[in-house]
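For this chain, numbers begin at 1 and follow the sequence in order.
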Amino acid sequence: MALVSLAALVAGARSGKLVSFPTDTVPALAVRPDRSADIFTLKQRSPDKPLILMAASWQEFLPFLNTSHPALETWEQVAQKYFAGAVTLVLPASDRGCKLNQGFKTLGVRIPDSKVAIAILQQTGAMLTTSANKSNQPPYRRMREIHEAFPSVITLGEGIDITEQLGIGLPSTVVEWTVEGWLVRRQGAVNF
């Protein structure tokens with residue numbers, strides 16, 4: 001695979017192929033929600049490390065979340081405050097959402113603060129994502145490095161400098177809703 005245009009990346013993503021594109025934190029590896037096993041295989045990632053569902057709008061997360069939960073309004077208020085941005089909210093999942101990460105009853109959701117990522121997600125719908133790297137290695141920050149490390153991945157190359165470090169280099173802050181309230185699971189780019 002070559003470094004491709006945004007249109008070619010979107011077409012590849014829609015057809016179920018693994019893709020990579022920049023976000024506000026670090027470049028993402030992404031795949032359609034029904035193809036999650038492909039990321040675990042590519043990254044040699046343990047199935048006990050869940051993937052994040054990324055989308056362009058809050059409404060796209062709702063089929064994957066437990067929308068009958070009494071705290072739904074609270075989640076929406078927090079999402080309005082922190083999305084788009086470098087915060088991942090871990091929320092109780094619907095039956096459909098539970099299928100995305102084996103053995104988990106929750107799902108991490110995030111809207112990136114990146115025009116390129118949003119332009120892609122508006123055309124693909126929600127995508128399962130993780131950082132572009134081999135498991136337990138630092139994330140790649142340049143699209144050229146991602147292309148070289150993962151030649152089978154459709155990697156965005158048009159309209160960006162493929163040799164430039166992209167994103168802020170810090171992961172998103174992961175915050176989980178619990179019965180006691182919000183719990184920071186990973187401190188990242190944003191103080192919660």
query = Could you state the interatomic distance from OG1 (Thr129) to CE (Met54), rounded to the nearest 0.5 Å?
reply = 3.5 Å
inquiry  = Closer than 3.5 angstrom, by distance alone: can the side chain of Asn101 be matched with the main-chain N or O of Pro50 as a donor-acceptor pair?
reply    = no
task = Using a cut-off of 6.0 Å, state whether more than 12 heavy atoms not belonging to Lys134 lie near its atom NZ.
result = yes
request  = Compare all side-chain heavy atoms of Val109 with those of Phe64 and state whether any distance is below 4.5 angstrom.
outcome  = no
key: Side-chain (Thr106) to main-chain (Leu91) donor-acceptor, under 3.5 angstrom   = no
inquiry  = As an exercise, state the distance from OG of Ser152 to CG of Asp38, rounded to the nearest 0.5 Å.
reply    = 9.5 Å
message = Run Phe83 and Phe61 through side chain to side chain contact (heavy atoms under 4.5 Å, CB included) and show every step you take.
response = CA-CA 12 Å; Phe83 291 169; Phe61 297 132; 4.0 Å; yes
inquiry  = Give me each pair satisfying side-chain hydrogen bond (donor to acceptor under 3.5 Å, both in side chains) with a member in residues 64-73, each pair once, sequence neighbours excluded.
reply    = Asn66-Ser68
ask   = What distance separates Leu121 CG from Met127 CE, expressed to the nearest 0.5 Å?
value = 7.0 Å
ask   = If you take all heavy atoms of Gly125 and Glu60, which pair is closest and at what distance?
value = CA-OE1, 3.3 Å
ask   = How many angstroms lie between CD1 in Ile154 and NE2 in His147, if you round to the nearest 0.5 Å?
value = 12.0 Å
key: Heavy-atom closest contact (Gly12 atom, Val19 atom, distance)   = C-CG1, 4.3 Å
Heavy-atom donor-acceptor pair, Ser94 side chain to Gly97 backbone, under 3.5 Å = yes
query = Between the main-chain N or O of Ile146 and the side-chain N or O of Arg142, is there a donor-acceptor pair closer than 3.5 Å?
reply = no
note = Nearest heavy-atom approach of Pro112 to Ala117 is CG-CB, 3.7 Å
query = Does atom CD of Gln102 have more than 12 heavy-atom neighbours from other groups under 6.0 Å away?
reply = no
query = Strictly by modelled atom types, are Arg186 and Thr173 linked by a side-chain donor-acceptor pair under 3.5 Å?
reply = no
note = OG of Ser20 to CG of Leu156, rounded to nearest 0.5 Å, is 8.5 Å
key: Any donor-acceptor pair under 3.5 Å from Arg185 side chain to Val175 backbone   = no
request  = Using the rule that two of Ile, Leu, Val, Met, Phe, Trp, Tyr join whenever any of their side-chain heavy atoms come within less than 4.5 Å, decide whether Ile52 and Val190 are in one cluster.
outcome  = no
task = Over all heavy atoms of both residues, which pair between Ile111 and Ala55 is shortest? Give the atoms and the distance, please.
result = CG1-O, 3.4 Å
request  = May I have the step-by-step check of side chain to side chain contact (heavy atoms under 4.5 Å, CB included) for Gln187 and Val184, ending in yes or no?
outcome  = CA-CA 7 Å; Gln187 184 59 57; Val184 175; 4.0 Å; yes
ask   = So, Asn136 and Lys43: side-chain donor and acceptor under 3.5 Å apart, yes or no?
value = no
message = If hydrophobic clusters are built from ILVMFWY residues whose side chains come within less than 4.5 Å, do Ile168 and Val116 share one?
response = no
query = Got a donor-acceptor contact below 3.5 angstrom from the Arg141 side chain to the Leu166 backbone?
reply = yes
query = Any side-chain heavy atom of Arg45 within less than 4.5 Å of one from Leu51?
reply = yes
request  = Taking the side chain as every heavy atom from C-beta outward, state whether Pro92 and Lys105 have any pair of such atoms under 4.5 Å apart.
outcome  = no
ask   = Which pair of heavy atoms, one from Pro47 and one from Phe40, lies closest together, and at what distance?
value = CA-CE2, 3.8 Å
ask   = What pairs of residues pass the side-chain hydrogen bond (donor to acceptor under 3.5 Å, both in side chains) test when at least one of them lies in residues 80-91, not counting sequence neighbours?
value = Thr88-Ser172
query = Under a 4.0 Å N-O cut-off, is there an ion pair linking Arg110 with Asp24?
reply = yes
query = So, does Gln123 use its side chain to make a donor-acceptor pair with the main chain of Ala119 at under 3.5 Å?
reply = yes
Euclidean distance, Leu128 CG relative to Leu100 CG, rounded to 0.5 Å = 5.0 Å
task = Go through the side-chain N and O atoms of Trp58 and Glu76 and say whether any donor and acceptor fall under 3.5 Å apart.
result = yes
inquiry  = Tell me whether Leu62 shares a hydrophobic cluster with Val87, the cluster being built from Ile, Leu, Val, Met, Phe, Trp, Tyr side chains joined at under 4.5 Å.
reply    = yes
Main-chain N/O of Asn133 paired to Ser131 side chain as donor or acceptor, under 3.5 Å = no
Phe192/Val78 under side chain to side chain contact (heavy atoms under 4.5 Å, CB included): CA gap, chis, key distance, verdict = CA-CA 10 Å; Phe192 189 87; Val78 170; 3.9 Å; yes
message = If hydrophobic clusters are built from ILVMFWY residues whose side chains come within less than 4.5 Å, do Val90 and Phe104 share one?
response = no
note = In short, Tyr140 meets Pro27 closest at the heavy-atom pair O-CD, 3.3 Å
ask   = Does the side chain of Thr155 come within less than 4.5 Å of Phe150's, by heavy atoms?
value = no
request  = Starting from the C-alpha separation in whole Å, work towards a yes-or-no answer on side chain to side chain contact (heavy atoms under 4.5 Å, CB included) for Leu89 and Trp177.
outcome  = CA-CA 8 Å; Leu89 299 181; Trp177 175 260; over 6 Å; no
key: Same cluster (ILVMFWY, side-chain, under 4.5 Å), Trp182 and Leu107   = yes
query = Are any side-chain N or O atoms of Arg32 and backbone N or O atoms of Arg14, one a donor and one an acceptor, separated by less than 3.5 Å?
reply = yes
